[in-house]
Amino acid sequence: MPELPEVETLARELRDVLVGRGIIGVEVRWPRTVAAPDPETFARRLAGRRVLEVRRRGKWLLLGLDGEEWLLVHLRMSGRLAVEDAGAPEDPHTRVVFHLEDGRRLRFSDPRKFGRMALTARPEDWLGGLGPEPLDPALTPERLVGMLRGRRVRLKPLLADQRFLAGLGNIYADEVLWRAGLHPLRRADTLTPEETARLHGAIREVLEEAVARRGTTLADRRYVLPDGRPGEFAAHLAVYGREGAPCPRCGAPIVRARVGGRSAHFCPRCQR
DNA sequence: CAACCGACCTGTTCGC
DNA sequence: TGCGAACAGGTCGGTT
């Protein structure tokens with residue numbers, strides 16, 4: 001469930017349930033999920049800690065704990081995090097279980113096992129390489145112009161590059177480019193100031209609308225809200241997953257192409 | 001610096 | 001119906 005709107009939604013939902021809660025124990029079922037420290041130390045050091053705050057940075061979820069440490073979680077492709085009653089049926093791909101003092105469980109499930117978590121006093125060691133937050137007001141159109149200068153890369157891979165901007169992935173990079181009317185293969189340093197302003201506006205609009213609709217739930221329903229309801233942005237996708245379907249703006253059939261080893265969806269008429 | 005590829009993993013969908 | 005291929009929201013490290 002991994003892009004910015006889904007992680008932001010997760011952070012908001014978990015904030016209500018987790019802040020102030022204590023962790024009494026941790027079971028690590030798939031050790032490689034724990035990137036650091038080693039799984040035994042991870043579990044031992046988390047026992048007895050309390051969650052003070054829940055935040056998001058890019059696609060990372062950050063749980064601030066007492067004792068000046070942070071639990072960082074990255075869902076990668078298929079990770080899911082949910083607070084459930086101890087008796088609730090458990091997903092067969094559960095990798096880590098946090099026992100909360102109120103008897104409930106914070107369960108991390110992840111079929112593909114790509115998800116990672118870390119317990120650290122130095123979150124900047126993990127997050128330092130990330131680019132700016134796309135919704136930060138400090139990211140102005142002028143600043144975006146500067147970020148694009150000298151970048152000879154194609155727009156699609158650049159938007160999904162976490163060192164450039166933190167939080168966009170395959171779905172939202174495609175949606176942003178469609179909204180901005182820019183071709184995914186366009187070289188980044190060839191945008192006019194007007195096009196850059198359009199790109200800036202598209203980034204904000206797409207992400208803000210997706211967050212307001214609590215993210216995108218795809219057909220596999222891997223990402224759902226705590227009450228099981230889907231995020232509602234899927235119905236508003238213009239291009240992602242819509243190959244052959246009509247462009248909402250001009251009606252031309254949406255095209256899918258390989259860009260940087262991943263599929264890019266775009267309208268051949270609206271996007272140059 | 002930029003593009004490409006294989007790893008890391010499992011599950012689901014597609015095409016014949 | 002069956003079966004292998006292709007594909008999936010992400011990221012990293014190595015090579016060209």
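Labels below follow one simple rule: chain letters A, B, ... track the order of the sequence lines, proteins then strands, and each chain is numbered from 1. Note that the structure is a prediction, hence the values are computed from the model and not measured.
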- request: Could you tell me whether A:Ser263 contacts a base, only the sugar-phosphate backbone, or nothing, with contacts defined as non-hydrogen atoms closer than 4.0 Å?
  value: sugar-phosphate
- prompt: Does a side-chain heavy-atom distance below 4.5 Å link A:Leu135 with A:Glu8?
  reply: no
statement: Note on DNA chain C: ranges paired as stems (three or more Watson-Crick/G-U pairs in a row, both atom distances under 3.5 Å) are B:2-8 with C:10-16, B:10-16 with C:2-8
field: A:Glu175 CD - C:dG9 C1' separation (whole Å)
entry: 13 Å
task: Please report, rounded to the nearest Å, how far the P atom of B:dT12 is from the OH atom of A:Tyr223.
output: 21 Å
message: Using whole Å, what does the distance between atom P of nucleotide C:dT11 and atom CE of A:Met77 come to?
response: 10 Å
- request: Identify which one of A:Tyr240, A:Tyr223, A:Tyr172 satisfies the side-chain hydrogen bond (donor to acceptor under 3.5 Å, both in side chains) criterion when paired with A:Thr216.
  value: A:Tyr172
Atom pairs under 3.5 Å: protein N/O with N/O of nucleotides 1-3 of chain B:
| from | atom 1 | to | atom 2 | distance (Å) |
| --- | --- | --- | --- | --- |
| B:dA2 | OP1 | A:Arg152 | N | 2.8 |
| B:dA2 | OP2 | A:Arg151 | NH2 | 3.4 |

statement: So salt bridge (Lys or Arg N to Asp or Glu O under 4.0 Å) across residues 184-203 of chain A, not counting sequence neighbours, yields A:Arg186-A:Glu195, A:Arg187-A:Asp189
field: Pairwise C1' distance, C:dT1 and B:dT10 [rounded to whole Å]
entry: 23 Å
task: Taking atom P in both C:dG9 and B:dC14, compute the distance separating them and give it to the nearest angstrom.
output: 15 Å
- request: Please report, rounded to the nearest Å, how far the P atom of C:dA8 is from the CD atom of A:Glu243.
  value: 10 Å
field: Hydrophobic cluster membership, A:Val19 vs A:Val17, 4.5 Å side-chain cutoff
entry: yes
query: Between A:Glu90 and A:Arg105, is there a salt bridge with N-O shorter than 4.0 Å?
result: no
Charged N-O contact under 4.0 Å between A:Arg57 and A:Glu133: yes
- prompt: Between A:His265 and A:Arg242, is any pair of side-chain heavy atoms under 4.5 Å apart?
  reply: no
query: How many Å lie between CG on A:Leu207 and C1' on C:dG9, as a whole number?
result: 14 Å
message: In this structure, how many angstroms lie between the C1' atom of C:dG9 and the CG atom of A:Leu159, rounded?
response: 16 Å
- prompt: Are any of A:Lys59's side-chain N or O atoms less than 4.0 Å away from OP1 or OP2 of C:dG9?
  reply: no
- request: Can you check each nucleotide of nucleotides 5-11 of chain B against protein heavy atoms at under 4.0 Å and return B for base, S for sugar-phosphate only, - for none, in 5' to 3' order?
  value: ---BBBS
message: Under 4.0 Å from OP1 or OP2 of C:dG9: is there any side-chain N or O of A:Arg262 that close?
response: yes
task: Return yes if a side-chain donor-acceptor contact under 3.5 Å exists between A:Arg222 and A:Ser109, otherwise no.
output: yes
field: Min side-chain heavy-atom separation A:Arg55-A:Trp70 under 4.5 Å
entry: yes
- request: Pick base, sugar-phosphate or nothing for A:Arg221, based on heavy-atom distances below 4.0 Å to the nucleic acid.
  value: nothing
- prompt: Which heavy atom in A:Leu165 sits nearest to a heavy atom in A:Pro134, and how many Å separate them?
  reply: CD2-CA, 4.2 Å
query: Base, sugar-phosphate, or nothing: which does A:Tyr240 touch, judged by heavy atoms less than 4.0 Å apart?
result: sugar-phosphate
Distance test, side-chain N/O of A:Gln162 to OP1/OP2 of C:dG10, below 4.0 Å: no
message: For the P atoms, the ones on C:dC7 and on B:dC5, what distance do you get once it is rounded to whole angstrom?
response: 13 Å
Side chains of residues 250-259 of chain A: which donor-acceptor pairs under 3.5 Å do they make with residues two or more places apart or in other chains?
| from | atom 1 | to | atom 2 | distance (Å) |
| --- | --- | --- | --- | --- |
| A:Arg256 | NE | A:Glu243 | OE1 | 3.2 |
| A:Arg258 | NH1 | A:Gly261 | O | 2.5 |

- prompt: Atom CG of A:Asn170 to atom C1' of C:dT11: distance rounded to whole Å?
  reply: 13 Å
query: Are any of the side-chain heavy atoms of A:Leu199 and A:Leu177 separated by less than 4.5 Å?
result: yes
statement: Between CD1 of A:Ile171 and C1' of C:dG9 the distance, given in whole Å, is 5 Å
message: In whole Å, measure the gap between the C1' atoms of B:dC9 and C:dA6 for me.
response: 16 Å
Donor-acceptor pairs are to be reported for all side-chain atoms of residues 150-158 of chain A against protein atoms at under 3.5 Å, with residues two or more places apart or in another chain.
| from | atom 1 | to | atom 2 | distance (Å) |
| --- | --- | --- | --- | --- |
| A:Lys156 | NZ | A:Asn170 | OD1 | 2.7 |
| A:Lys156 | NZ | A:Asp174 | OD1 | 2.8 |
| A:Lys156 | NZ | A:Ser263 | O | 3.2 |

